[in-house]
Amino acid sequence: MADKFRLTEGALRLIMKGDQIEDPIMQVLGSKRIASTSADKERFRLLLSDGKYLVSFAMLTTQINDKIVNGELVDNTIIKVKRFITSVINSGGKSNKRVLVILEMETLLPGDQTEKIGNPEHLPETDIDTELDDSTTSNNAKTNGQVNSSSKPAPASTNRIMSKKSANVDLNASLQDHVILPISSLNPYHNTWVIKARVSNKSGIRKWSNSRGEGQLFSMDLVDESGEIRCTGFRDVVDKFYDMIEVDKVYYISKCVIKVANKQFNSVKNDYEMTLINDTIIQECHDADIAIPQTKYDFINIDKIANIETGTIVDVIGICKSVSEVLTFTARSSGRELKKRELILVDQSNSGISATLWGNDAEKFEGSSQPVVAIKGAKIGEFGGGKNLNILGSSILKINPDIPESHRLRGWFDNGGMQQNVTNISAKSSGGGLQTPWLSLKEAQNQPSESVEKGVYFQTKATVLMFRSENCLYKACPTEDCKKKVVDMENGMYNCEKCGRQYPNFKYRLLGSMNIGDWSGNQWVSMFASEAEKVLGMTSEQVGEAAEANPQALTGITDKANFKQFILKCRAKTDTFNDEVRLKTVVIKVDNINYKEYNAHLISRINELQGMNN
DNA sequence: CCCCCCCC
C-alpha cells in the first residue's frame, strides 16, 4: 500500500539548503506541541522523514493546526507537502537554525494504514544552510523559482510597498517567504518577526499638542487568524505609511516596536500594541487569503447593555430601526460645534438602544433601508439613566455585513421582529422606562457617592422658599440654540464669544436659582430658562422687559414665586469646585402638582409603609 | 510620543 506513495528521498537535504522542491512526499514520524507563551496560539512541531533523512525542525503553519488536533497527522502518516517555506532563525544568541514550515499539505495515507518507511537518519548539520539571510532575503531567491513555484513568490518588481528610507533592505526581499508569526505570539522580547495581517480599521491623521510637545499620529487595527493588535505611527512615520495602508487589505509587516498596551485607551484584544518606526517594512499581500479573517466581533445582545458599566467598549449588531437627521449643536463644555446622528438599533433580545454617530460618520450614514449595522468597539454612554452607544473614531461600523449574525437578524426583523415592541434601554430614568423615583431632598442628599457621581434622578413635591433675584437674568446670544451670554460692546453691538461674532441685538434669558423645601429639608437648586419661566409664570422676555423698565421690579417678580409648590424632577450630581466636592442639584422639569396623581402616589406610599402592597 | 470622541 505504501508503495503507491514513494517518499521523495533526499528532499529534506535540498529543502534545508534553502531549495524548493515540488510536492515532496514525506512521512510524519512524530508531532508535539511547542511550548509557547501564554498568549500564543498553539503551534506544532513535526518529525518529518523523506525516507532517507529526518528533520525535527518542521512546523505547521497555525492555519492548519486542526490537522494535528483532529488526529489526521498521527505518526506514520504519509503527506504531500504542497506549499512550504524555510527560514533561518536566530533565537537568543544560540546557533542559527533553519526551520521548515508547512503551509499547505495533503494526507495521502493515514498513519494507521502503514508503518515507518526506510531507516531515515537525522540530516547532518553540515547539510543545513544556516547562513542568516540578509535581513529578509527570500530563500526562493536561490532557486529563482525555477525548481518550483508553489510558494508563489511575487515578482520582485511589482506591487511592492516598502519604505523608501529602508533602502538598506534588499529590495528583492519579500516578507511573504518568511516564517509568518501569528499576531497573538508577538511580544516585546522578540523583535525578528513577520506577520501577515488584514487592516480592519484605520484612523484619520490626528494632530496633538500638549505639554510634552506636539505631533501627529494615526493608528490601524491589524487582524490575523490568531488575534488582533493595534498599530500606531507617529510624526514623520505617518507621512511615510499613511497613504499606502488601505482598510481590508492584507499586508506583511515586520520591524515594529512592540510595547505593552494601555488597556485604558485600547480596546483591541491584545496585551500589546505596536508602533511603526522608520525601519518598519510593510508589503501588500496580493494572494487573497481567506485564512486571514475579516473583522472579529464579540457581539453582545442589546438587553445586556443595560447592566454594563458606562464607558465599557462593546461590539453590537442590530437593525437600524430608525435614524435621526444630522443635528448640529455647540458643546457647552468645549464650545466646539458638533454634528451627530442618532440611530435606534434593535435586536432579537427585543431591546433597542440609541447609537450616536459623530461628525463625518454622522453625515455619511444612510439608514433609510433599515440595514443591519454591526459596530465593533462602541462605547457605552449614559443619559438620564438610560444607556446609549457612541461610535468612536476607533469603532468599526459595517452596514449589512456578510456574516451569520447579520443574516439571522435580517430574517428575524423581516419576519415579525419589525412589529415587536422593543424595550428602549436608552429611555430616560433608569430601569428601562420606569418613572422617576420619588426621593425626599434629604434622601437625595444621602445617596451613596458612587451614585451621585453618575447623577441621581428623582422627583419630589417641594415649596419654593426663596427664588434668588440676583443674576437671574442675562443677555444671551440671539442665535437660535446658542444660549451664551453676550458681552455688551457699549456701542450698540453685543459680542458672542461662542459664535465668534457681534450682533445688534440679544435675547433675555432666565437662569434660575432657588432654595426649595420639602418635608425632609431644603436644598439650593438651579434650572435653565424654560423651567425658571414656569416657576415665575413669565417668559424670559417678559421678565427682561419688566426689569429694563424698572430694575426694582425684579425682586417683586421673584418674590411672587416664593411659597409656590411644584413637582420637581431633579438630578443630583457631585461637582468639584475649587477642590471641594459638593452636591449640585439641577431641576430638569418643573410641573404643576397634579393632585390626582400625587395623591395616588401618597396612597401607594402609605400602603407600602403599612405593608399592604404585597 | 496619543488616549479626544463631545449634546441634551
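To find a chain, count down the sequence lines: A is the first, B the second, and so on, and within it residues start at 1.
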> On the nucleotide B:dC6, are OP1 or OP2 found under 4.0 Å from the side-chain N or O atoms that A:Asn390 carries?
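Checking A:Asn390 against B:dC6: at least one side-chain N or O falls below 4.0 Å of OP1 or OP2.
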> Just how far, in rounded Å, is P of B:dC5 from CZ of A:Phe365?
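Atom-to-atom, A:Phe365 to B:dC5, this comes out as 22 Å.
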> Taking side chain to side chain donor-acceptor pair (under 3.5 Å) as the definition, give me every residue that meets it alongside A:Thr558, ordered by chain and number, with sequence neighbours left out.
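Expected list: none.
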> Measure from the side-chain heavy atoms of A:Phe383 and tell me the nearest of B:dC8, B:dC3, B:dC6.
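It is B:dC8.
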> Nearest whole Å is fine: how far is B:dC7 P from A:Leu392 CG?
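Between P of B:dC7 and CG of A:Leu392: 13 Å.
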> For A:Lys485, which residues count as a side-chain contact (heavy atoms from CB on, under 4.5 Å) partner, sequence neighbours excluded?
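Partners of A:Lys485 by the side-chain contact (heavy atoms from CB on, under 4.5 Å) criterion, ordered by chain and then number, come out as A:Tyr474.
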> Check the distance between B:dC3's P and A:Arg212's CZ and give it to me in whole angstrom.
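The distance from CZ of A:Arg212 to P of B:dC3 comes to 9 Å, rounded to the nearest Å.
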> Is there a side-chain contact between A:Lys379 and the phosphate of B:dC6, meaning an N or O under 4.0 Å from OP1 or OP2?
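Yes, within the criterion.
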> In whole Å, I'd like the distance from the CG atom of A:Asn262 to the C1' atom of B:dC4.
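Taking CG of A:Asn262 and C1' of B:dC4, I get 14 Å after rounding.
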> Round to the nearest Å and state the distance from A:Asp236 atom CG to B:dC1 atom C1'.
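So the CG-C1' distance, A:Asp236 to B:dC1, works out to 12 Å.
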> For A:Tyr494 together with A:Tyr503, are the ring centres under 6.0 Å from each other?
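No, ring centres 6.0 Å or more apart.
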> Using OP1 and OP2 only, check whether a side-chain N or O of A:Lys259 sits under 4.0 Å from B:dC1.
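So the side chain of A:Lys259 is within the cut-off, an N or O lying under 4.0 Å from OP1 or OP2 of B:dC1.
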> Below the 4.0 Å mark, does B:dC2 have OP1 or OP2 next to a side-chain nitrogen or oxygen of A:Asn210?
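Checking A:Asn210 against B:dC2: at least one side-chain N or O falls below 4.0 Å of OP1 or OP2.
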> Specify the residue among A:Lys340 and A:Leu217 whose closest nucleotide of DNA chain B lies further upstream toward the 5′ end.
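So the residue in question is A:Leu217.
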> May I ask you to decide if the ring planes of A:Tyr508 and A:Phe506 are parallel, tilted or perpendicular, using 30° and 60° as cut-offs?
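Rings of A:Tyr508 and A:Phe506: perpendicular, as their planes differ by over 60°.
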> Can you tell me the distance, in whole Å, between the CD atom of A:Glu214 and the P atom of B:dC4?
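To the nearest whole Å, that distance equals 17 Å.
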> Measure the distance from CD on A:Gln216 to P on B:dC4 and round it to the nearest whole Å.
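Going from A:Gln216 (CD) to B:dC4 (P), I get 19 Å.
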> Does OP1 or OP2 of B:dC5 have a side-chain N or O of A:Trp358 closer than 4.0 Å?
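No, A:Trp358 has no side-chain N/O under 4.0 Å of OP1/OP2 on B:dC5.
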> Do you see a donor-acceptor pair shorter than 3.5 Å between the side chains of A:Thr310 and A:Glu382?
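Looking only at side-chain atoms, A:Glu382 and A:Thr310 do form a donor-acceptor pair, the distance falling under 3.5 Å.
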> Let me know the distance between CG of A:Leu338 and C1' of B:dC4, rounded to the nearest Å.
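Going from CG in A:Leu338 over to C1' in B:dC4 covers 11 Å.
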> Check this one for me: any side-chain N or O of A:Arg206 less than 4.0 Å away from OP1 or OP2 of B:dC5?
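For B:dC5, OP1/OP2 do not have a side-chain N/O of A:Arg206 under 4.0 Å.
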> Just to be sure I understand the rule, does A:Gly215 reach a base, reach only the sugar-phosphate, or reach nothing, if contact means heavy atoms closer than 4.0 Å?
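No contact.
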> Which part of the nucleic acid does A:Glu382 contact within heavy-atom distance under 4.0 Å: base, sugar-phosphate only, or nothing?
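Here A:Glu382 touches no strand at all.
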> Strictly below 4.0 Å: does A:Arg230 bring a side-chain N or O up to OP1 or OP2 of B:dC2?
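So the side chain of A:Arg230 is outside the cut-off, no N or O lying under 4.0 Å from OP1 or OP2 of B:dC2.
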> Look at the side chain of A:Thr232 and decide which nucleotide, out of B:dC1, B:dC2, B:dC7, has an atom nearest to it.
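Among B:dC1, B:dC2, B:dC7, the one nearest the side chain of A:Thr232 is B:dC2.
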